[in-house]
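All values below come from the heavy atoms of this structure, side chains included, with hydrogens, waters and symmetry mates left out.
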Amino acid sequence: MRETQLGGVLANVLSVATRGLGLFLWYFLRLIYRGEPKVIAGFVGVALAIVALVWLVVR
């Protein structure tokens with residue numbers, strides 16, 4: 001099989017996306033089962049950052 005630059009970039013992007021999804025699920029399950037204030041604050045902070053980013057892009 002021939003290696004291409006696009007294939008390498010795609011593999012890296014998918015790797016980062018998979019790692020991000022794994023971290024999200026780990027923290028989400030931790031939030032559900034433990035309800036630690038640090039985790040709740042983290043989720044609220046990330047949600048606010050995403051909303052602010054979407055607002056800046058759409059505006």
Under a 4.5 Å side-chain heavy-atom rule over Ile, Leu, Val, Met, Phe, Trp and Tyr, are [X] and [Y] clustered together?
| X | Y | value |
| --- | --- | --- |
| Ile32 | Ile40 | yes |
| Leu31 | Ile50 | no |
| Tyr27 | Leu25 | yes |
| Val46 | Leu53 | no |

Legend entry - CG on Leu14 to CG on Leu10, rounded to 0.5 Å: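 Those atoms lie 4.5 Å apart.
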
ask   = How long is the gap from CZ on Phe43 to CZ on Phe24, to the nearest 0.5 Å?
value =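 Taking CZ in Phe43 and CZ in Phe24, the distance rounds to 5.0 Å.
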
ask   = If you group Ile, Leu, Val, Met, Phe, Trp and Tyr whenever their side-chain heavy atoms sit less than 4.5 Å apart, what else falls in with Val9?
value =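 Via sub-4.5 Å side-chain contacts, Val9 links to Val13.
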
**Asked** Does Glu36 pair with Lys38 as a salt bridge, N-O distance under 4.0 Å?
**Response**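 Not counted as a salt bridge, because no side-chain N and carboxylate O are separated by less than 4.0 Å.
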
